[in-house]
Amino acid sequence: MILKTVIFSSLLAVCYAANNDRSWTTEEGVKIEIIKKIGDSKCKIRSESGDQLEQFYKLSDKEGKVIGSNFGQKPYTFTLGKGEVIHGMDVAMEGMCVGEQRKVVIPPEQGFDDDGEEVEGPGDKWITDDGVHIHITHEVEGCTEKATAGDTLHQQYTLYLEDGTFVDSSWSRNRPFIFKMATGQVIKGMDVAMEGMCQGERRKVVIPPELAYGEKGRPPAIPGNAFLHFDLQLEKLIRPGKEEL
């Protein structure tokens with residue numbers, strides 16, 4: 001899936017000068033066009049790896065259909081070059097000034113593949129006894145607390161259908177989805193998918209219809225007998241009787 005994004009950013013940190021051209025294609029194949037340039041006299045710093053960025057964006061597919069935006073909401077905050085976003089976005093935001101606006105086109109190999117799934121490195125994969133497919137795409141070293149029944153989870157997610165159709169995302173609202181595990185607050189397959197996750201961990205999961213919305217689906221977005229493809233991140237884990245992790 002080729003992603004076209006308009007990004008607006010502010011940032012914190014000390015950065016250095018980068019490409020001054022209005023448009024170019026990076027070695028990774030990311031097409032970048034500056035649509036609002038900040039002059040050198042006003043641009044004192046430019047974004048580089050390790051900087052904390054605050055970003056406003058509008059995301060559309062190759063047909064121009066908008067599939068996500070955080071305009072009118074809080075900015076999306078992430079650290080550049082640390083794998084907190086798709087690799088193409090790390091590339092696209094390199095060398096930006098505060099207030100600069102860019103239009104970028106991210107190819108599938110730097111973002112999402114043809115099935116709408118994020119391209120990540122290898123990690124543990126398994127299928128649970130319930131038929132949920134799980135792939136850990138970002139592990140957390142030194143994790144001692146893992147999600148289990150009764151924990152309150154702050155979860156970021158993006159949901160697609162099997163054909164790659166975008167359904168919903170918490171990222172576009174810039175706030176996590178919060179629920180308590182194994183209390184019936186989410187579909188059964190989600191409780192299964194989140195079991196054993198560490199704070200900061202990311203997973204790709206496929207939930208079969210019998211653990212989701214079954215034969216009826218959830219019209220109009222989710223048809224009957226739909227397999228649900230999620231990109232998940234456990235942003236925060238709160239265990240009863242303990243301080244927040």
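Counting all heavy atoms, side chain and backbone alike, V186 lies closest to M190 at CG2-CB, 3.9 Å. Between L161 and A221, the shortest heavy-atom distance links the atoms CD1-O, 3.8 Å. A pairwise comparison of heavy atoms in A182 and A149 identifies CB-CB, 3.6 Å as the closest pair. Contact detail for G131 and P208: the closest heavy-atom pair is O-CD, 3.5 Å. Here the shortest heavy-atom pairing between S169 and T158 reads OG-OG1, 3.2 Å. When all heavy atoms of V91 and E28 are compared, the pair lying nearest together is CG1-OE1, 3.7 Å.
Using a 4.5 Å heavy-atom cutoff, the side chains of V30 and P107 are in contact. The side-chain heavy atoms of F227 and H133, taken from C-beta on, include no pair separated by under 4.5 Å. Using a 4.5 Å cut-off on side-chain heavy atoms (C-beta onward), L53 and T77 make no contact. In this structure the side chain of L153 reaches within 4.5 angstrom of the side chain of F179, judged on heavy atoms. Contact annotation: the side chain of T26 approaches that of I32 to within less than 4.5 Å [non-hydrogen atoms, C-beta and beyond].
Between the CD1 atom in I34 and the NZ atom in K36 there is a gap of 12.5 Å [rounded to 0.5 Å]. Atoms CD1 and NE2, from I127 and H135 in turn, are 13.0 Å apart once rounded to the nearest 0.5 Å. Within the model, atoms CE of M181 and CD of Q155 stand 10.0 Å from one another, a figure rounded to the nearest 0.5 Å. Distance check, rounded to the nearest 0.5 Å: CD1 of I136 to CG of D124 gives 5.0 Å. From I178, atom CD1 reaches atom CD of E235 across 8.5 Å, with rounding to the nearest 0.5 Å. Atom-to-atom distance recorded for K146:NZ and D151:CG is 13.0 Å, nearest 0.5 angstrom.
Following chains of ILVMFWY side-chain contacts shorter than 4.5 Å, one can reach L234 starting from W126, so the two form part of one hydrophobic cluster.
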Quick one, L232 with K204, criterion side-chain contact (heavy atoms from CB on, under 4.5 Å). Give me CA distance, side-chain angles, the key distance, then yes/no. CA-CA 6 Å; L232 302 175; K204 291 182 180 299; over 6 Å; no
Do M89 and I106 pass the side-chain contact (heavy atoms from CB on, under 4.5 Å) test, and can you show the C-alpha distance, the side-chain angles, and the key distance before you say yes or no? CA-CA 8 Å; M89 187 59 72; I106 300 175; 4.3 Å; yes
Can you check salt bridge (Lys or Arg N to Asp or Glu O under 4.0 Å) on R173 and D168, steps first, answer last? CA-CA 10 Å; R173 293 184 289 276; D168 188 29; 2.8 Å; yes
Step by step, would you call V104 with Y57 a side-chain contact (heavy atoms from CB on, under 4.5 Å)? CA-CA 11 Å; V104 304; Y57 67 87; over 6 Å; no
Does the pair D231 and Y160 meet the rule for a side-chain contact (heavy atoms from CB on, under 4.5 Å), with working shown? CA-CA 9 Å; D231 292 324; Y160 298 90; 4.0 Å; yes
Walk me through whether T79 and Q52 qualify under side chain to side chain donor-acceptor pair (under 3.5 Å). CA-CA 4 Å; T79 302; Q52 183 180 10; over 6 Å; no
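Pairs engaging residues 186-199 under the salt bridge (Lys or Arg N to Asp or Glu O under 4.0 Å) rule: none recorded [sequence neighbours left out]. Listed by first then second residue, pairs satisfying disulfide (SG to SG under 2.5 Å) with a partner in residues 177-220 read C143-C198, not counting sequence neighbours.
K216 meets the side chain to side chain contact (heavy atoms under 4.5 Å, CB included) test with no other residue; sequence neighbours excluded. A search for salt bridge (charged side-chain N to carboxylate O under 4.0 Å, His left out) contacts involving E201 returns R203, not counting sequence neighbours. For R218, the salt bridge (charged side-chain N to carboxylate O under 4.0 Å, His left out) test picks out no residue, with sequence neighbours left out. With sequence neighbours left out, E33 forms a side chain to side chain contact (heavy atoms under 4.5 Å, CB included) with S23, I35, K103.
Between the Q199 side chain and the L237 main chain, a donor and an acceptor come within less than 3.5 Å of each other. Under the 3.5 Å distance criterion, the side-chain polar atoms of D130 are left unmatched by any main-chain donor or acceptor of V132. Judged purely by atom type and a 3.5 angstrom limit, S170 has no side-chain atom pairing as donor or acceptor with the backbone of F177. Although no hydrogens or angles enter the test, the distance criterion places no donor-acceptor pair under 3.5 Å between the side chain of Q55 and the main chain of Y76.
The side-chain contact (heavy atoms from CB on, under 4.5 Å) with L228 is formed by just one residue from the set V167, V205, I187, L211; it is I187.
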